[in-house]
Each structure stands twice: as C-alpha cells, then as structure tokens.
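Notes for the one structure printed next.
Keep in mind that what you see is a predicted model, and the values were worked out from it rather than measured. Every chain is numbered from 1 and lettered A, B, ... according to where its sequence line falls, protein lines coming before strand lines.
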Amino acid sequence: MAKSETSSDTARPWQSYHTVYTNAKAGMDGVDKEKVQRIVYEMSKGSKYFENEERKEAFIRQKIETMRARCAKLTATDISHFQMVAEKRILELEAARNLSRIWLHVDMDAFYAAVETLSNPSLAGKPMAVGTMSMISTANYEARKFGVRAAMPGFIARKLCPELIFVPTDFKKYTYYSDLTRKVFQKYDPNFMAASLDEAYLDVTEVCKEKGVTGEEIAKEIRASVFEETGLTCSAGVAANRLLAKVCSDINKPNGQFVLPNNRMAVVTFISSLPIRKIGGIGKVTEHILRDALGINTCEEMLQKGSYICALFSQSTAEFFLSVGLGLGRTDTPEVRLRKSISNERTFSATGDETLLYRKLEEIAEMLSTDMQKEGLCGRTLTLKLKTAAFELRSRAVTLQKHICTSKDILKHASKLLKAELPISLRLIGLRMSHLNEERDGVPLDPTQKTLTHFMVSGDASGKDVDEQRSFGHEAHDISDYFVNKEKSDSFTGSHETRHTHIDHLDSNHSSELNDDNCTFDSNAAEMETVHNPSSDVTADKVQGTSCLNTVTNGANFLEGEAEAVSSSRQRELFLWVNGYKCSICGTEMPPDFVEERQEHCDFHLAENLQKEESGTEFRSSNPRQRVVCKAQIVSQSQRKKRKSSPKEGRHIPIDLFFVKSNQNF
DNA sequence: GGGGAGTAGAATT
DNA sequence: TTCCAAATTCTACTCCCC
Ligand SMILES: Cc1cn([C@H]2C[C@H](O)[C@@H](COP(=O)(O)OP(=O)(O)OP(=O)(O)O)O2)c(=O)[nH]c1=O
Ligand SMILES: [Mg+2]
C-alpha cells in the first residue's frame, strides 16, 4: 500500500527505519542525524529485533491505509456533519479553558548521568551513558553530541561514540537525589505531583501570590534551590496547564526555563506551530498515523482537520486531539493515586529449555514477592509476560479468589500460565501482580474457593484491614520509587501531609485507542494474533484446568517438599511436611502431589495462627523495619486517597484528556 | 447492557 | 564476538455472565 517510497528506499534504506531516537531531543542539536540514523540502521539490520520492528511497522502502515480509505469514502454530507461536530466540541473545549493557574514542570537534566557524575567527578566532560551494552537509560550531554541517547542499545551507542563510558544504573542513588529535589518542591507546592524520579509538576499559583512574584521568578528560585540542595541542574517550564508546562520545560532544556504567559493569544500562537510529537501522549505511532493518514504535523492542524479527527477517532481520542490543538490541558490537582500494579521482568539469552525457563520464572517470582513484601502488597491478578525469541510479546493472566504475595503462591500460578505456553523459545519473562489489596471490605469474592490465606493476607479476619492496607500503600512511589528508600530515612517518606501525587505519565495518556470506533483494525489485530499465536485462546479456564506444575520440571517439586514458613510475614510455628508428607503441626498426611490441597492446608494453619494473634495487626509487612520506613507516608496517603476514588475515578480518566468533566459518558 | 476478565498495544521515564 | 531494558499506566476491544 504505502509504496512510492521505493525509490528512496533503495537509495537510503536507513531513512525508512523509524526509531524512537528520531524524535528530536535536547542536546541533539549539532548531531549529524543522517549519519546516526545510518549507523543505527546498519547495526540493526537483519536482527530479530529489526525484523520484529518491521512487522510492527507494516501493521501500522496497513492500519493507516485503512484509515485513508475511510477518509476517501466520506461523502460531502459526512464531512460537513463531522465538521459541525468538531466545531461544537472545539467551542465547548474553548469555553472550559482555564488560564487562572500557574503550573510549573521541573525536569532534571540527564538525571541518572548527572547523579553519576556527582559521585564520580572524573566523569565530567566525558561522554558517558548510564546503562549496559544492551541498553542505556540515559546519556550525558557530551555523549548526546554523538547521537547517543536514552533507550538506545549500548553496542550501537558505542559505535556512535567509541570512547563512550558506561556506568551501571544505581537506583538507590537516583532515589536519594530525587528525594532531595522533592523536599525543595514541597516548599513551593505541598501538593506537587511527582511524575517520575526526575520530574514534577507544581501548582505555583499560590506561592506566586504569596510572594508577589511571577512564575518566571519562582522557577528561577526553585531551580537555584534544587541546585543548591543537590548540585544538579534542572529545567523548568511555566504555563497555564500541565500539558503546556511539560512542553515548555523541554524548550531550553539543559539548565534553562521557558515561560508561556497565561494569555490565550500567547498559548494559541505557541501551540499552533508545535509538532504534535512534542505533546506528551503522542508518541511514535500516533505521530505516524496522524501524519500519514490525515496529514497532520502540527498542533494547529488538529483543529484544521477537526472533521476528520471526529470522523475517524473515538470521542475521547478526538477530544484529546482537539484539545491539543487548542493548547488545553489539565489544571487541577488530582487525587493521590495508589499504585495499581507491581512487576518484575528479566531479559536473558533466548532459550527454549523448559528447565531453564522455569528457573527464570522462579527467580522472577522470588524477586516480585520480595518487592511486594517490602511494600506490604498482595494482589489478586497475576500476569505472565513473555517475549519470544522473535521479540513478540504475549501476556497471560489469571485472577484468583484470594490475594497472594508469597513467592510460592506466585510461582504456583505463574507456572500454570507458563506451562500452557510451552514449548516456546523466550528471551524475557515477567510477572505482574495487580488488583492489589482491594478486597479490604472483606467481601469474599467466591466463598467456594477462597482459602484461608485470603483472610490472612488481606486481613479480613481482623477487621482492621482497611487501615492497614492503606497504611501500606505506596505513597510517593512512582515507577522506580519502590526501589525503596530503605536508608533514605525521613524525607518524603515521613512527610505525612505531603501527598505529592504521583502522576505518572497520565498527564496525557490516552493514545492507544487509535483504534477508532468502527474501524476494522481490530479484526486485523485479532487475525494477526490468531495466526501468530494459535494458542492464544488458552485462557484462564483452560489454564486452571491444568494440573499444577510437576511436569514443568524439577523445580516444581522441590518447591513443594521444603519446609515453609507458616506465613511469609510472621514466623510462628514452622510448618512443613515431615518426611515429605506429614504436616508438622497436626500430623495430617498428604502426598506431595496434592499441591492444591497442601496449599489449603497450609493456609488453614496460617489462619489459625493468625486468629490466635490479636487480629489487629497487619500481615502484609513481613519486615517491621520496612514498616517503619513506610509508615508515615503511607498513613498519610491512605487517608486521603481511597476516599475520593469513587467508582468513577476507577474508570481511569486520563488526566489531560478529561479536563472537561461534563458531557462525558463516564 | 453493565461489568469483569483477559489480551494487545501505546506511551512515558 | 555478541548485541535492543524495566516498570507502570491507560485504553480499546472482545468474550462471557447476569
Ligand atoms: C527516556 C528514559 C529515561 N530513563 C531514566 C534515565 C533518565 O535519566 C531519567 C529521566 O528521563 P528523562 O528526563 O527523559 O531524561 P534525562 O533526565 O536523562 O535527560 P533530559 O531530561 O536532560 O533530556 O529516566 C530510562 O530509564 N529510560 C528511558 O527510556
Ligand atoms: Mg530529565
């Protein structure tokens, strides 16, 4: 379909290999883009990764063709109809424009790299990247001059810059410095939203008023303060809403700031020529689609092509696009959001060896469980993520009747999921737990199958559950935050009233549903999936029907026979199968094969113990120390959080997408 | 028709 | 010589059940 590029294809094949690095980023000014592109292409060409990228690309192109065809089919009547729809929407959006707030977005410069340079000054001035030969997380500005940048594999970066120095990631350090910056932010907006370790949004409307200063002045002050406290530089953007502030912080990127006045003309002028890709939430694919299907490159074209946008995309997507064209964004300070999932994944050299795969799974389960217990979390839905040797992604999930958090439980269910996929050659295995601690109200989902662990873990039995789990949540934990600030002590952790909301990237997240309403992409997608993955219809039912592991390999069995602490959290009596079949507590005999039964039995004793205890304690925190660490933050957050999150909130309304709360079908 | 579960895919850092 | 991360969130959709 998308031909016509054949000529250029043969001439410069690298030009058609679209990577994420093509998106202009700070520090890439004097870079010979063409050369970088060529090298990246040369290094990638022919690899499994590359081939998978090509498949994805082809799929997108087909999608685009379909959209173009639909556009072509629109009658004059259709178009005028959608034109009216668009105009109406635009008017409504415009009417809701709010220029009364001053938002400031702060983004640390080359964060990880800057931190590493602080702790090892000899790195200063030399091209350096944080990461490994297979992937780098970020690069300092010296390295960027060579075209080296985040999300680029290290071996390619080395090609671009042979003297590039690699430094391994050290999250503890980044978390430590991140907290220092947050202490500063807190002084200017106690409700600031941490978007990641190195980014935050501050509503500085009040401070500006109090101090009688402008946004520009406050930005300078904050940046100076951050530098003073950390020795790190950052950039800031000031604008009437978060979406714009974020765009602005990138403009004078290394150690600079940009202020967009809170007046409509300034905003409209600013936004109109802005490439859509600059907007948070519009990534490589969306950019591609909008450009090739509708000829949209700049934000103002979103308005000009309003009728097509309304004709092709779902209401919510269309609305987001139109609002982008108007330069609108969220101006409110949302509720604190609790973490919704926790996961762990590892890449390894591809293998189809079932024993090896099982080992990996075991390790992941172990690590995930550890992370969960550190945070005092339990989850009901377990998702297995796989990446095949061909880089194709798959995910398989089960939702259980009870919440789990021990590596044993996790592994038990994960094994079933994995087993159903065998044989398979993989390069990545991941596990994610979601539906975290949410049965707090003690309403069992399915009395039939619920095991006693349910009570233990969730605390149903104690009645204090609700408090507990709130207290354990997550507060200021953004993505990487949970690398836990053990030694971090105070700082945020302890600041109860902080409630720095952690937005993530929700500031715009909306994207994906480029799968418009009536479009046929879906069928395409479905077909594709079936073709590529015949076993994809193996769902929970089937999986649950499968007998546990056992056959999966040795691992399955050794797991069973071992002694097992009655509870991962608190070690009361030692529970184990004496001689491999006899319960150490009550003497009941049960053969190793009875995996489920044994589990139930163990759960029973667990609960028994639990009840003996005062029922007011929480189980989720295995480690008292951790608890102390998290306590303050948790408590604070817990209290406000849940409160507001009415079922409505549960609908995941993208922040910047729904600043217009009315007329939504939500 | 609403709601939950499951799967894929896009985006962000 | 090899060689493309990890964590989190959200949306769209499709089944399926009530
Ligand atoms: C973009 C990106 C960032 N990160 C990490 C490393 C970054 O230092 C940190 C912050 O991301 P960014 O703010 O996107 O990048 P940066 O701070 O390194 O550089 P700058 O803002 O000056 O352009 O997040 C990843 O691990 N993977 C990624 O793909
Ligand atoms: Mg940054």
Side-chain angles (χ1 to χ4, degrees), chain A residues 19-20 40 43-44 47-50 52-53 56 59-60 107-108 111-112 131-138 150-159 169 171 174 195-199 246 279-287 289 314 316-317 320 337 339-347 349 371 380-381 383 385 387 391-399 427-428 430 432 434-435 445 474 477-483 502-517 519 521-523 525-526 528-529 533 536-541 543 647 650-655 657:
Chain A
T19 64
V20 266
V40 169
M43 297 293 290
S44 306
S47 68
K48 295 261 175 60
Y49 174 83
F50 183 84
N52 186 248
E53 288 302 297
K56 292 195 294 186
F59 191 62
I60 302 287
D107 185 327
M108 304 301 294
F111 190 53
Y112 293 2
T132 67
M133 211 49 104
S134 65
M135 183 55 59
I136 70 189
S137 292
T138 194
M152 178 180 276
F155 66 91
I156 292 181
R158 188 185 48 185
K159 199 75 169 184
T169 55
F171 284 98
Y174 315 143
S196 69
L197 282 183
D198 93 319
E199 270 176 61
K246 166 121 173 126
I279 303 297
I282 296 184
K284 184 180 120 177
V285 174
T286 308
E287 176 189 39
I289 290 175
S314 69
S316 61
T317 305
F320 171 71
R337 305 177 79 100
R339 170 212 281 286
K340 291 185 172 58
S341 70
I342 181 166
S343 64
N344 201 297
E345 69 188 49
R346 283 293 172 273
T347 290
S349 47
D371 290 349
R380 266 183 68 224
T381 299
T383 305
K385 175 181 172 181
K387 191 189 286 180
F391 286 86
E392 291 167 343
L393 289 172
R394 291 187 195 175
S395 74
R396 298 291 179 260
V398 235
T399 296
R427 71 176 342 263
L428 166 308
R432 165 181 310 270
S434 49
H435 270 131
L445 300 165
H474 347 210
H477 297 281
D478 55 44
I479 329 235
S480 358
D481 258 330
Y482 65 84
F483 275 102
H502 274 234
I503 60 171
D504 310 61
H505 358 256
L506 356 143
D507 224 85
S508 45
N509 240 339
H510 56 95
S511 48
S512 35
E513 31 48 15
L514 296 158
N515 264 336
D516 42 318
D517 21 14
C519 207
F521 301 147
D522 241 314
S523 32
M528 207 186 192
E529 168 62 14
N533 174 19
S536 66
D537 48 343
V538 176
T539 47
D541 298 349
V543 172
R651 301 293 249 113
H652 321 308
I653 303 175
I655 293 183
L657 182 46

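Contact annotation: A:Arg339 reaches the phosphate of C:dT8 (side-chain N/O to OP1 or OP2, under 4.0 Å). Taking 4.0 angstrom as the limit, A:His435 places a side-chain polar atom (N or O) nearer than this to OP1 or OP2 of B:dA5. For the OP1/OP2 pair of C:dA5 and a distance below 4.0 Å, the side-chain nitrogens and oxygens of A:Lys387 include at least one atom meeting the criterion. Using a 4.0 Å cut-off, no side-chain N or O of A:Arg394 falls inside it from OP1 or OP2 of B:dG6. Residue A:Thr286 places at least one side-chain N or O under 4.0 Å from the OP1 or OP2 atom of B:dA11. Contact annotation: A:Thr347 reaches the phosphate of C:dA6 (side-chain N/O to OP1 or OP2, under 4.0 Å). Between A:Ser395 and B:dG6 there is no side-chain N or O to OP1 or OP2 distance below 4.0 Å. A sub-4.0 Å separation between OP1 or OP2 of B:dA5 and a side-chain N or O of A:Arg380 is present. OP1 or OP2 of C:dT9 has at least one side-chain nitrogen or oxygen of A:Ser341 nearer than 4.0 Å. For the OP1/OP2 pair of B:dG9 and a distance below 4.0 Å, the side-chain nitrogens and oxygens of A:Lys56 include no atom meeting the criterion. Residue A:Arg432 places none of its side-chain N or O atoms closer than 4.0 Å to OP1 or OP2 of C:dA6. For C:dC3, the OP1/OP2 oxygens have no side-chain nitrogen or oxygen of A:Ser47 closer than 4.0 Å.
A straight line from CE of A:Met135 to C1' of C:dA7 spans 14 Å, rounded to a whole angstrom. Regarding A:Phe59, its CZ atom lies at a distance of 8 Å from the P atom of B:dA10, rounded to whole Å. Counting to the nearest Å, the C1' atom of C:dC3 and the CE atom of A:Met152 are 14 Å from each other. For the pair A:Phe111 CZ and B:dT13 P, the computed distance is 14 Å after rounding to whole Å. Atom pair A:Glu392:CD and C:dC4:C1' shows a separation of 16 Å (rounding to whole Å applied). C:dA7 atom P lies 9 Å from atom CG of A:Leu428, rounded to whole Å. Rounded to whole Å, atom P of C:dC4 lies 16 Å from atom CZ of A:Arg346. Here the C1' atom of nucleotide C:dA7 and the CG atom of A:Asn344 are 9 Å apart, to the nearest Å.
Here A:Phe155 pairs with nothing under the ring-ring contact (aromatic ring centres under 6.0 Å, His included) rule; sequence neighbours left out.
Both A:Ala151 and A:Ile60 sit near DNA chain B, but only A:Ile60 has its closest nucleotide nearer the 5' end. Nearer the 5' end of DNA chain B, as judged by each residue's closest nucleotide, is the contact made by A:Thr381, out of A:Lys246 and A:Thr381.
Note on ring orientation: taking the six-membered ring where Trp is involved, the planes of A:Phe171 and A:Tyr112 are perpendicular (angle over 60°, cut-offs 30° and 60°).
C:dA5 and B:dT12 have their C1' atoms separated by 14 Å, with the value rounded to a whole Å.
With respect to the salt-bridge test (charged N to carboxylate O, under 4.0 angstrom), the residues A:Lys284 and A:Glu287 do not qualify.
A:Glu53 comes within 4.0 angstrom of no nucleic acid atom, judged by non-hydrogen atoms across all strands.
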